[in-house]
Number of protein chains: 2
Amino acid sequence: MELRHIRYFLAVAEERHFTRAAQRLGIGQPPLSHQIKDLEREVGTPLFHRIPQGAELTEAGRAFEAGVRQIPGLVGEAVVAAQRAAAGETGRIRVGFTGSAAFNPRVPQAIRIYRRRFPDVELSLAEHNSIGLVEGLKNGSLDAAFLRPDAVDKQGLRLFHLADEPLIAALASARMPHGEPIRLEQLAEDAFILTPRALGPTLFDATLEACRRAGFEAILGQSAPQVASVLALVAAELGVALVPESMRDASFRGVTYHDLTGNAPKVALALATRNDEQAATVAAFVAEARFPSEAEPG
Amino acid sequence: MELRHIRYFLAVAEERHFTRAAQRLGIGQPPLSHQIKDLEREVGTPLFHRIPQGAELTEAGRAFEAGVRQIPGLVGEAVVAAQRAAAGETGRIRVGFTGSAAFNPRVPQAIRIYRRRFPDVELSLAEHNSIGLVEGLKNGSLDAAFLRPDAVDKQGLRLFHLADEPLIAALASARMPHGEPIRLEQLAEDAFILTPRALGPTLFDATLEACRRAGFEAILGQSAPQVASVLALVAAELGVALVPESMRDASFRGVTYHDLTGNAPKVALALATRNDEQAATVAAFVAEARFPSEAEPG
DNA sequence: AATCTCGATATGTTTTAGGTATGGGGCGAA
DNA sequence: TTCGCCCCATACCTAAAACATATCGAGATT
């Protein structure tokens with residue numbers, strides 16, 4: 001049995017007339033009669049009473065109709081669902097981000113607007129360090145990741161550059177007035193709080209390189225796994241830290257931020273995907289992150 | 001799109017492998033690839049990622065699968081439903097009966113056993129006079145009817161003879177000892193309670209003919225629309241009545257039944273259907289009424 | 001580097017859907 | 001009652017398409 005038989009059967013059942021049903025189907029009456037007969041042979045029983053005025057359903061025909069009536073609609077819905085999924089309007093996307101990337105306003109904004117434009121896409125978020133993000137992309141547990149790209153393994157990944165952020169100094173509040181710029185050399189005697197290089201090499205390398213360019217070798221203090229804990233250690237006066245500028249929006253009790261004078265070191269913010277990524281959901285997400293749409297409603 | 005495309009798609013989706021799916025489907029791999037490609041062209045998007053190990057669903061493919069997975073099962077169920085309906089195991093049957101026929105034990109027994117054997121057939125019952133039953137059969141509002149056939153219009157109907165019942169006399173209790181036989185001539189001076197001939201001619205004609213054969217012309221008393229009301233009038237001592245023997249099982253306060261001596265008049269009990277009836281439910285019902293199955297369980 | 005696996009492509013054959021012409025039965029009008 | 005119309009079934013033919021066989025090419029594995 002094929003969908004054709006079902007469509008033809010339903011047409012005859014509705015028209016109660018072979019000739020009219022054939023016209024509606026755009027075929028001749030003889031092939032329609034033939035197909036219905038094939039169907040009846042396969043089901044094993046007549047589905048129509050042929051009467052002089054046309055045809056009417058047998059009891060078996062009524063039972064069959066009740067069973068197959070919805071099928072053409074189901075097929076159509078399945079096609080539409082597939083097309084919507086292909087257009088990235090349904091499905092899912094798993095997005096990762098590093099602790100520091102989450103504070104750049106472009107990251108939450110991209111997520112917010114994407115969810116608004118594609119409300120039927122199931123979006124899940126996960127915070128990891130850079131190494132974990134790259135691993136997640138490669139093993140398929142993540143589809144896209146906001147990260148600091150400079151020092152990660154780019155093999156098999158596609159990186160979309162989103163922003164360059166100057167680093168700023170995070171000091172314990174007692175050190176100097178809030179907001180006042182600072183020269184990096186002033187921190188030559190301070191311990192630097194850093195995340196372990198194995199977890200997130202970019203900020204680690206950028207900090208040491210900046211100090212080197214300022215004429216001194218940074219003193220390494222405590223290490224902390226995430227940006228938030230770095231700031232906690234700074235607040236506890238265990239040392240100082242260089243953080244991306246966007247961290248300024250996240251005020252942290254006991255920590256003051258200070259621009260670095262001179263040409264401040266910069267770290268990049270990028271969005272990474274697998275370079276063989278094909279999902280339309282991911283493509284749409286990348287597009288939104290790279291080229292934010294005009295404005296958010298409301 | 002045809003069911004073939006859906007079946008092939010589901011096979012590949014399940015096997016994640018074109019060649020294995022083709023083997024399972026009993027066709028070659030090239031035509032399977034071709035059909036899947038046709039389907040993808042019609043849907044407008046790829047449904048599988050071709051990978052060196054076989055194939056895996058795209059997001060669109062997953063959405064499509066969710067929509068069509070149930071369809072082959074639905075088709076199978078529809079076929080089974082049609083076959084069951086053709087076998088008379090589902091559907092409906094509308095059975096009518098006259099007031100007097102309902103008291104013959106074969107009638108309720110046939111209905112009871114039929115319902116037990118075909119519990120999924122919707123059976124509706126309606127009591128009418130003979131004229132109403134015949135009209136119901138002819139206009140399609142009834143499928144079968146238990147009635148007294150002798151004097152009805154048999155045009156377009158098929159009658160199955162079930163029983164010949166002797167008539168017995170129904171008298172007011174005061175008249176004579178319960179159960180004692182009576183000669184019809186003893187009722188020559190009594191008024192006969194009858195249903196109007198226009199509603200049920202058989203018992204009417206049988207009664208008058210019996211009296212005529214016994215040598216007198218029956219005196220017509222009150223008329224009553226149904227057997228039960230006839231007995232009520234008898235109990236009220238407004239006259240006597242001849243009723244089918246099976247009425248004896250329905251004792252009625254104030255009425256005694258008496259066999260008629262000599263060769264008692266008889267009325268037939270029959271089951272009527274349209275003579276162009278084709279429904280399997282009706283055929284099964286007729287079979288059960290004509291040839292009762294062995295015994296009722298329990 | 002060689003081989004193996006797996007899907008895609010090319011080509012021919014066979015099945016089958018659909019078109020055209022015609023037959024046959026039943027109903028209604030004359 | 002007969003003629004004519006309506007409707008589905010049958011017969012036959014054509015054209016499309018499903019499937020088989022043979023082969024290719026890409027990618028992975030050894």
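Naming convention: chains lettered A, B, ... in sequence-line order (proteins, then strands); numbering from 1 in each chain.
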*asked:* Between A:V267 and A:L203, is the side-chain contact (heavy atoms from CB on, under 4.5 Å) condition met? List the steps.
replied: CA-CA 7 Å; A:V267 293; A:L203 209 53; 3.9 Å; yes

*Looking across every strand, which nucleic acid part, if any, lies under 4.0 Å from A:H34 by heavy atom: base, sugar-phosphate, or nothing?*
nothing

*Assign A:Q29 to base, sugar-phosphate, or nothing according to its heavy-atom contacts below 4.0 angstrom with the strands shown.*
base

*Would you tell me whether A:H5 and A:Q35 have side-chain atoms, one donor and one acceptor, within less than 3.5 Å of each other?*
yes

*Are side-chain N/O atoms of A:Q29 and A:S33 paired as donor and acceptor at under 3.5 Å?*
yes

*asked:* Counting only side-chain nitrogens and oxygens, does A:T19 get under 4.0 Å of the OP1 or OP2 atom of D:dC7?
replied: no

*Decide whether B:T58 and A:Q278 meet the rule of one side-chain donor and one side-chain acceptor closer than 3.5 Å.*
no

Tabulated below should be each protein N or O lying under 3.5 Å from an N or O of nucleotides 26-30 of chain D; please produce it.
none

*Quick one: how far along DNA chain C does chain A reach, first to last nucleotide 5' to 3', anything under 4.0 Å to a heavy atom?*
C:dA17 to C:dC27

*May I ask you to say what A:Y8 touches in the nucleic acid, namely base, sugar-phosphate or nothing, with a heavy-atom cut-off under 4.0 Å?*
sugar-phosphate

All N/O donor-acceptor pairs, side-chain side in residues 79-88 of chain B, below 3.5 Å, sequence neighbours left out:
{"residue": "B:Q83", "atom": "NE2", "partner": "A:V43", "partner atom": "O", "Å": "2.9"}
{"residue": "B:R84", "atom": "NH1", "partner": "B:E89", "partner atom": "OE1", "Å": "3.1"}
{"residue": "B:R84", "atom": "NH2", "partner": "B:D120", "partner atom": "OD2", "Å": "2.6"}

*Is the closest side-chain donor-acceptor distance between A:R92 and A:S124 under 3.5 Å?*
no

*Of B:R16 and A:G28, whose nearest nucleotide on DNA chain C comes first from the 5' end?*
B:R16

